[in-house]
K.L.:
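The structure follows.
This is a predicted model, so every value here is computed, not measured. Every heavy atom of this structure was used, including side-chain atoms; hydrogens, water molecules and symmetry mates were not. Counting starts at 1 for both ligands and their atoms, in listed order.
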Amino acid sequence: MQEKLVELKEAALASLSDVKDLAELNDLRVKYLGKRGALTEIMKGMGKLSPEERPVMGQQANEVRAVIESLLKEKTEAFEQAILQEKLESQRIDVTLPGRVVARGAKHPLTLIVEQIEDLFIGLGFEIAEGPEVETDYYNFEALNLPKDHPARDMQDSFYITEDILMRTHTSPNQARVMEAKQGEAPVKILCPGRVYRRDDDDATHSHVFTQIEGLVIDENIRMSDLKGILLFFAQEMFGSDVEIRLRPSFFPFTEPSAEVDVTCAVCHGTGCRVCKDTGWLEILGSGMVHPKVLEMSGYDSEKYTGFAFGMGVERIAMLKYGIEDIRHFYNNDLRFLKQFNRR
Ligand code: 2NL
């Protein structure tokens with residue numbers, strides 16, 4: 001029996017010395033020390049030994065088991081260490097690498113200009129009023145002295161959603177809403193920016209969606225000179241303190257009298273050039289004294305109150321200010337265009 005134990009020990013140590021991986025180690029563990037392994041097999045012979053031999057053999061068997069077990073443990077740890085090392089090697093990360101730069105968004109140039117214009121008028125005591133882009137026929141046309149059969153309704157072909165609901169064609173409906181809500185109370189001093197929609201074919205100077213800013217002032221004794229003074233201030237803040245403005249007679253259904261407003265050409269400073277078609281002037285907005293019918297329709301006593309209003313296309317203002325030649329730049333979202341307005 002002692003011989004068998006020694007043989008077993010030698011065989012186990014020999015096969016453990018060139019084991020390749022954890023799986024083989026486990027096979028050997030089962031083979032030598034398992035419930036039905038070689039050592040158990042030998043131990044079955046214990047019963048045949050004399051009472052004196054038994055403890056001696058028992059002790060030797062335990063020693064053999066201990067030697068094999070310790071070698072198994074040593075090998076197991078070595079393999080596990082190797083596996084960990086390989087993982088650390090293959091999954092290595094360089095914590096000193098610079099992070100990927102997250103591209104930061106910025107305000108759209110139209111937003112920047114709208115905010116700039118808002119700030120100018122806030123400085124003059126105006127309040128900003130915004131309203132829905134989907135409007136009723138009443139606020140978009142009716143309340144602005146454009147009844148159903150009015151020829152001016154054909155002038156601006158609109159996007160209708162139902163017979164009575166459309167995409168607003170200007171921001172004036174918003175102003176009509178404010179007037180109505182005030183129930184004939186003065187003063188009104190509001191600036192209404194927003195997107196408006198018209199059924200135009202898009203080209204370099206027309207877009208079916210564009211940004212409008214309208215202003216409205218109602219109080220006692222509001223005169224055309226008030227309009228002119230405020231618009232001169234606006235033009236000089238926007239285009240430079242040396243520019244002048246010029247009012248030309250015009251027509252809008254919601255104002256009477258009406259005027260188109262020109263500003264000194266920023267390119268040639270009034271001497272005449274290609275941009276201003278040799279006139280020295282560039283048209284920047286439409287304006288006028290609020291039509292008495294519009295005042296009355298929204299609840300104002302036109303005998304007591306007068307008002308002025310104006311409306312401008314923000315894209316056009318921006319194009320003149322920055323020399324942008326195509327309105328579609330504002331809607332293509334080409335970063336090469338957009339980034340020019342957000343240098344950091
Ligand atoms: C333009 C011309 C204009 C108005 C808008 C207005 C609003 C009310 C009453 C009277 Cl509530 N008028 N707005 C007046 C004159 C001209 O816009 O060419 N816009 C791009």
Side-chain angles (χ1 to χ4, degrees), residues 110 113-114 117 121 126-132 135-136 138-147 150 152 155-156 158 168-182 184 186-198 200 205-219 222 224 226-228 230-231 234-235 238 245 247-263 282-300 302 305-320 327 330:
L110 284 174
I113 304 233
V114 167
I117 296 173
F121 282 92
F126 283 69
E127 284 178 49
I128 309 300
E130 290 179 312
E135 261 298 357
T136 61
Y138 175 79
Y139 288 111
N140 195 78
F141 291 128
E142 211 81 19
L144 294 157
N145 195 29
L146 282 142
H150 198 288
M155 271 163 48
Q156 36 196 22
S158 340
R168 66 180 177 192
T169 58
H170 41 194
T171 49
S172 328
N174 201 10
Q175 293 168 303
R177 285 171 178 277
V178 172
M179 282 193 278
E180 190 185 74
K182 286 232 184 187
V188 175
K189 220 172 163 186
I190 54 171
L191 195 76
C192 299
R195 281 187 174 218
V196 300
Y197 301 80
R198 292 183 189 180
D200 261 337
T205 53
H206 298 84
S207 174
H208 65 282
V209 49
F210 66 100
T211 315
Q212 200 182 26
I213 293 183
E214 285 189 73
L216 173 71
V217 173
I218 300 171
D219 207 346
I222 295 293
M224 197 113 185
D226 298 315
L227 169 67
K228 203 176 172 188
I230 274 185
L231 292 180
F234 165 73
M238 209 63 202
I245 60 165
L247 271 63
R248 281 179 290 109
S250 184
F251 174 80
F252 300 106
F254 25 82
T255 46
E256 182 61 36
S258 304
E260 246 142 9
V261 179
D262 298 341
V263 63
L282 296 168
E283 185 189 323
I284 57 163
L285 53 82
S287 65
M289 300 306 291
V290 180
H291 198 293
K293 271 196 186 165
V294 173
L295 288 172
E296 294 287 345
M297 215 150 1
S298 292
Y300 282 84
S302 64
Y305 297 115
T306 49
F308 68 75
F310 57 88
M312 67 184 95
V314 180
E315 287 82 355
R316 180 172 169 78
I317 300 285
M319 287 167 81
L320 294 174
I327 195 172
F330 291 107

K.L.:
Using heavy atoms and a threshold below 4.0 Å, how should the contact between H291 and ligand 1 be classified: side chain, backbone, both, or neither?
P.N.:
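Neither part.
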K.L.:
Going by heavy-atom distance to atom 12 (N) of ligand 1, choose the closest among G311, A309, G215.
P.N.:
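That would be A309.
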K.L.:
Could you check whether any side-chain N or O of E315 sits under 3.5 Å from a backbone N or O of T211, counting only pairs where one atom can act as donor and the other as acceptor?
P.N.:
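Between the backbone of T211 and the side chain of E315 there is a qualifying donor-acceptor contact (under 3.5 Å).
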K.L.:
To the nearest 0.5 angstrom, please state how far the OG atom of S287 sits from the CD atom of E260.
P.N.:
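So the OG of S287 and the CD of E260 are separated by 8.5 Å.
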K.L.:
Give a yes or no on whether the ring-centroid distance for H170 and F254 is below 6.0 angstrom.
P.N.:
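Under 6.0 Å, so yes.
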K.L.:
Does an N or O from Q175, backbone or side chain, lie closer than 3.5 Å to an N or O of ligand 1?
P.N.:
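No, since none of the N or O atoms of Q175 sits under 3.5 Å from an N or O of ligand 1.
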K.L.:
Which bit of S287 gets closer than 4.0 Å to ligand 1, counting heavy atoms only: side chain, backbone, both or neither?
P.N.:
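Near ligand 1, S287 shows its backbone, while the atoms from C-beta on stay back.
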K.L.:
Could you list which atoms of ligand 1 come closer than 4.0 Å to a heavy atom of M179?
P.N.:
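Reading through ligand 1 atom by atom, the close ones are 11 (Cl).
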K.L.:
Taking non-hydrogen atoms only, is F252 closer than 4.0 angstrom to ligand 1 via side chain, backbone, both or neither?
P.N.:
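The side chain, only.
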K.L.:
Is it the case that R177 places NZ or CZ above or below the six-membered ring of Y139, under 6.0 angstrom from the centre and within 45 degrees of the axis?
P.N.:
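Because its charged atom sits under 6.0 Å from the ring centre and within 45° of the axis, R177 does stack over Y139.
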K.L.:
Does the residue L285 have a heavy-atom contact with ligand 1, meaning some pair of atoms that are separated by less than 4.0 Å?
P.N.:
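Heavy atoms of L285 never come under 4.0 Å of ligand 1.
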K.L.:
Look at atom 19 (N) of ligand 1 and say which protein heavy atom is nearest, naming residue and atom and giving the distance to 0.1 Å.
P.N.:
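For this ligand atom, the closest protein heavy atom is Q212 NE2, 3.0 Å.
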K.L.:
Taking T171 for the side chain and G194 for the main chain, is one N or O donor matched with an acceptor at less than 3.5 Å?
P.N.:
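Side chain of T171 to backbone of G194: no pair is present.
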K.L.:
Check each heavy atom of H170 against ligand 1 and say whether those closer than 4.0 Å belong to the side chain, the backbone, both or neither.
P.N.:
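No part of H170 is near ligand 1 at this cut-off.
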K.L.:
Output yes when the distance from some N or O of ligand 1 to some N or O of E214 is under 3.5 Å, and no in every other case.
P.N.:
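Between E214 and ligand 1 (N or O atoms, distance only) the closest approach is under 3.5 Å.
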K.L.:
Using only atom types and a distance under 3.5 Å, with no angle test, would you say the side chain of K182 pairs donor to acceptor with the backbone of P187?
P.N.:
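The answer is yes, because a donor-acceptor pair under 3.5 Å joins these two groups.
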K.L.:
Measure centre to centre between the rings of F310 and F121, then say whether the value is under 6.0 Å.
P.N.:
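Ring centres of F121 and F310 closer than 6.0 Å.
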K.L.:
Using a strict cut-off of 4.0 Å, indicate which atoms of ligand 1 neighbour a heavy atom of L144.
P.N.:
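By the 4.0 Å cutoff, the relevant atoms are 8 (C), 11 (Cl).
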K.L.:
Any side-chain to backbone donor/acceptor pair from R168 onto R195? Under 3.5 Å, distance only.
P.N.:
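Looks like yes, one N/O pair under 3.5 Å.
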